[in-house]
Amino acid sequence: MRDQRMSRGENILHARLRGRESGKGQGHKNTTPIIAAFRAIEYNNPVMDYLQRLNPQQREAVTAPPGPVLILAGPGSGKTRVLTYRVAYLVGALGIRPFHILAVTFTNKAAREMEHRIVAAIGAQARGATISTFHATCARILRREADHLPFNANFVIADTDDQRRLVKDVLQELNLDPKQYSPQKLHAAISRLKNEGIFPEDFTPSSYGEKILKRVYEAYQNRLLSSNLVDFDDLLLWTLHLLQTVPAVHQRYARRFQHILVDEFQDTNLVQYELVRLLGAHHRNIFVVGDADQSIYSWRGADYRNVLRFEQDFPDAKVILLEQNYRSTQTILDAAMAVIAPLQGKHRKRLFTDRGAGQKIVVRRVPDDREEARFVVETIASLVARGQARPGDFAIMYRINAQSRVLEEAFLRAGLPYRLVGAQRFYGRREVKDALAYLRLAHNPADEVSLMRVINVPPRGIGAKTIAALRTVAQRAGLAPGALLLHMAAAPEDYQRLFSPRALKALLSFARPLAQWYSLALTTPPADLMTTILTDVGYKEYLLDGTEEGEERWENVRELHRLASRYHDEGLSAFLEEVALVSDQDTLEDADNTPILLTLHAAKGLEFPSVFIVGLVEGLLPHSRAWDNLNEMDEERRLFYVGLTRAKDQLYLTYPETRMLYGYAEPAEPSRFLEEIPPDLTTGDHPARETGGYQAPRWEPAPPQAPHREPQFHTGDKVRHPRWGTGLVIGSRIKDGAELVDVAFESVGLKRLDAVLARLEKIA
DNA sequence: GCATCGGATTTTTTT
DNA sequence: AATCCGATGC
């Protein structure tokens, strides 16, 4: 009731506002109390100041009347700004309670940033709005509504690794040969079904392969449920199911979320679309922002056609195009447009800026990925040294994570700090996963994936045989193996007939502490619980095997402990959820002024003054997986487009003549996308520019390695270093194409330096 | 049950 | 190159 009234009030206010806007010429004749009130808001409210700073299209978007709104926003067109001010406007100008606002993004970082900016715009009155990711929002709803669901509220979120393990397990259970039915592919197929909103029982197989798929999907889903687990896709799927089948729940959330805003709308999948549509079915206050040209997640079920669907489902939607770019130079935009020109689309954009042409794009051909990395590091180092840039101005982007390695090495070698975006690096580590599995188990002993992960780590005499026996007994008892263990700890005598003495002893050695952790988990903060568990099982001693690697692993566990200690008040459940839902982008902190290494995917939504895109060769970008698939090829193109449009001022594009494949160097062709960039926009080694030159016949052995360079410095030379002053060269040699010079400085003594990086000069 | 070795297999991108 | 898997020997 109350909600209804409020939203009617909003509409009245809004109608007045619009009337006033369109009738500007009429002056201030109409001074009803409500308009007077509105003017007071206008002059006292910071939001209204900000409105002045938006361009007409942005302002139109921000102040659009409630109802369906579709914003098609080119890169750098101020889309985050529009979203942020829209929320600020809803609250500050229309008086909507934040409680009624739901803004969804794809990463926690984006959500945090939006919240931060909203608070900056309208202050503390913004508190209470739900600004979060799809997945986190759904997880919250599921926990609250667990009564209606086939799992309970302390479910744990299964990550990709868990999911893959489960599929493998299931294959074994069904006696299917994992070589014949790739777990990877089956898992992908299951995920695709889930993203389309299809539960196992809804799936009608139409071929033998699909029959198998259905069986695996069913078994997989049963395993998840019996473990009280939920995978990423389930978070969305179960929430949709809930809204569709439980009217009371649907009403509750549809009433609560009177205004829904969605960022990166082109990356929503069908289930997400349906969620939004259902939640907004009554009030229709749905404000979505997207750019079909930046759709790069179709492999994850994202469907940019949701943009079209939206237009169909809400034919009265206000559609606003944001085309002016405030980020990049025209040169960069021209290159970006050339790259996506071959794509077909309804609204082909024209990107423009008033920033001017700017610098040409630097294109660089290099012999291999190591030289490429060296080029990147040297370029950065020399620009920074000359005071022309700050280290934090640079981002280096690549197609696949494996490419980061060489880059990291180059930075390390040069002694320059860098930051790598990627959570997997940490959360994917074995020791981190082990420690988390213990915590998950203490929280939810039914979790079979976690149980199997750590039941014999460190080794405690529970091998395949014992595990099989445990599973059989558990199945007969109708319990999850973990639950059975708890019972076993309480009443070991019941199990003497069921297990061999040896197996029973081994199982009890795990079951007893498990039971303790389980009761401890209710009251103990996560970090303390972790300490207890790891001490109980002797995990530290297990890791510290005297090797350096062991030290490193233990260090990672301690890092996890530090993270856990931040959840002292929120508790274990919150910690586990947070850990499951961190995205790669979330690991990026913008403060620390160092170059950033990241995949092109992770770069979406970010911007940097200078951007390197490396590895621009066929097979990498476009990735070889896309070679025989037009849709995927288009997506590769968009991915490159996303990368290009991250740059504000300067782009560097590099392509090695070889690429590494499974540890071997293979000859590589320049990327077709690179060739499509008009050469005029570039300087350096654009592939089209070398057509006149001599080209070695392909079949001949590769030309001699990188030109063997002679040292430029010789023993006895006098040199000057920008920081250490003058010194005497006492030796020099070429290593990995770099010249390493030993210099005795008058100030600091003996140093070995890279001649280029150190900007060493000869003096007479 | 456990450690070790050799061979196969892998990688696209991520909530 | 690095990890995973299975077979082998203890």
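Everything numeric in this text was worked out from a predicted model, so none of it was measured. So that the names make sense, note that chain A is the first sequence line, chain B the second, and so on, each numbered from 1.
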Asker: Tell me what A:Ala626 touches on the nucleic acid: a base, only sugar-phosphate, or nothing, going by heavy atoms under 4.0 Å.
Answerer: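 No contact at all - A:Ala626 keeps every heavy atom at 4.0 Å or more from the nucleic acid.
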Asker: Just call it for A:Lys604: base, sugar-phosphate, or nothing, with non-hydrogen atoms closer than 4.0 Å on any strand.
Answerer: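 Here A:Lys604 touches no strand at all.
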Asker: Using a heavy-atom cut-off of 4.0 Å across all strands, would you classify A:Phe232 as base, sugar-phosphate, or nothing?
Answerer: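 The answer is base, as A:Phe232 lies within the cut-off (heavy atoms under 4.0 Å) of a base atom.
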Asker: Roughly how many Å apart are B:dT11 and C:dG6, using the C1' atom of each and rounding to a whole number?
Answerer: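 22 Å, rounded to whole Å.
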Asker: Are a donor atom and an acceptor atom from the side chains of A:Asp291 and A:Gln294 found within less than 3.5 Å of each other?
Answerer: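 Distance-only check passes for A:Asp291 and A:Gln294.
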Asker: Ignoring backbone atoms, establish whether A:Thr107 has a side-chain N or O less than 4.0 Å from OP1 or OP2 of B:dT15.
Answerer: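 Indeed not, no polar side-chain atom of A:Thr107 lies that close.
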Asker: Which atom names give the shortest non-hydrogen contact between A:Asn269 and A:Arg300, and what distance separates them?
Answerer: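 Closest pair (atom of A:Asn269, atom of A:Arg300, distance): ND2-O, 4.3 Å.
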Asker: Under the 5.5 Å and 30° test, is A:Trp299 stacked on the base of B:dT13?
Answerer: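 Whether judged by distance or by angle, A:Trp299 passes, so it stacks on the base of B:dT13.
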Asker: Should A:Arg405 be listed as having a side-chain N or O under 4.0 Å from OP1 or OP2 of C:dA2?
Answerer: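 True: A:Arg405 side-chain N/O within range (under 4.0 Å) of C:dA2 OP1/OP2.
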Asker: Please work out if A:Ser624 contacts a base, only the sugar-phosphate, or nothing of the nucleic acid, heavy-atom cut-off 4.0 Å.
Answerer: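 No contact.
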Asker: Which residue lies toward the 5' end of DNA chain B, A:Ala464 or A:Leu581, if each is placed at its nearest nucleotide?
Answerer: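 Its nearest nucleotide lies further toward 5', so the answer is A:Ala464.
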Asker: Give one of base, sugar-phosphate or nothing for A:Tyr297, where a contact means two heavy atoms less than 4.0 Å apart.
Answerer: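 The residue A:Tyr297 makes sugar-phosphate contact but no base contact.
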Asker: Classify the nucleic acid contact of A:Arg502 as base, sugar-phosphate or nothing, counting any heavy atom under 4.0 Å across all strands shown.
Answerer: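 Touches sugar-phosphate only.
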Asker: I'd like the P distance from B:dT13 over to C:dC4, given in whole Å.
Answerer: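 Roughly 15 Å separates the two P atoms.
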Asker: When you check the side-chain N and O atoms of A:Gln272 and A:Glu274, is any donor under 3.5 Å from an acceptor?
Answerer: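 No, no side-chain donor-acceptor pair sits under 3.5 Å.
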Asker: Within 45° of the ring axis of A:Tyr304 and under 6.0 Å from its six-membered ring centre, is that where the NZ or CZ of A:Arg638 lies?
Answerer: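 Satisfied, under 6.0 Å and within 45°.
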Asker: My understanding is that only one of A:Arg453, A:Arg471, A:Arg164 makes a salt bridge (Lys or Arg N to Asp or Glu O under 4.0 Å) with A:Asp169; could you say which?
Answerer: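 Running salt bridge (Lys or Arg N to Asp or Glu O under 4.0 Å) over A:Arg453, A:Arg471, A:Arg164 with A:Asp169 returns exactly one hit, A:Arg471.
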Asker: Within less than 4.0 Å of OP1 or OP2 of B:dT14, is there a side-chain N or O belonging to A:Asn401?
Answerer: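 For A:Asn401, the contact criterion (side-chain N or O under 4.0 Å from OP1 or OP2 of B:dT14) is met.
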Asker: When the nearest nucleotide of DNA chain B is assigned to A:Pro459 and to A:Leu639 on a heavy-atom basis, which residue is associated with the more 5' position?
Answerer: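 Looking at DNA chain B, the more 5' nearest nucleotide goes with A:Pro459.
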Asker: Whole angstroms only, please: what is the NE2-P distance between A:His601 and B:dT11?
Answerer: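 Taking atom P of B:dT11 as the reference, NE2 of A:His601 is at 16 Å.
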Asker: What's A:Glu632 touching, base or sugar-phosphate or nothing? Going by heavy atoms closer than 4.0 Å.
Answerer: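 A:Glu632: base contact, heavy atoms under 4.0 Å.
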Asker: Students often get this wrong, so: under 4.0 angstrom with heavy atoms, is A:Asn456 touching a base, only sugar-phosphate, or nothing?
Answerer: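 Counting heavy atoms under 4.0 Å across all strands, the contact made by A:Asn456 is with sugar-phosphate only.
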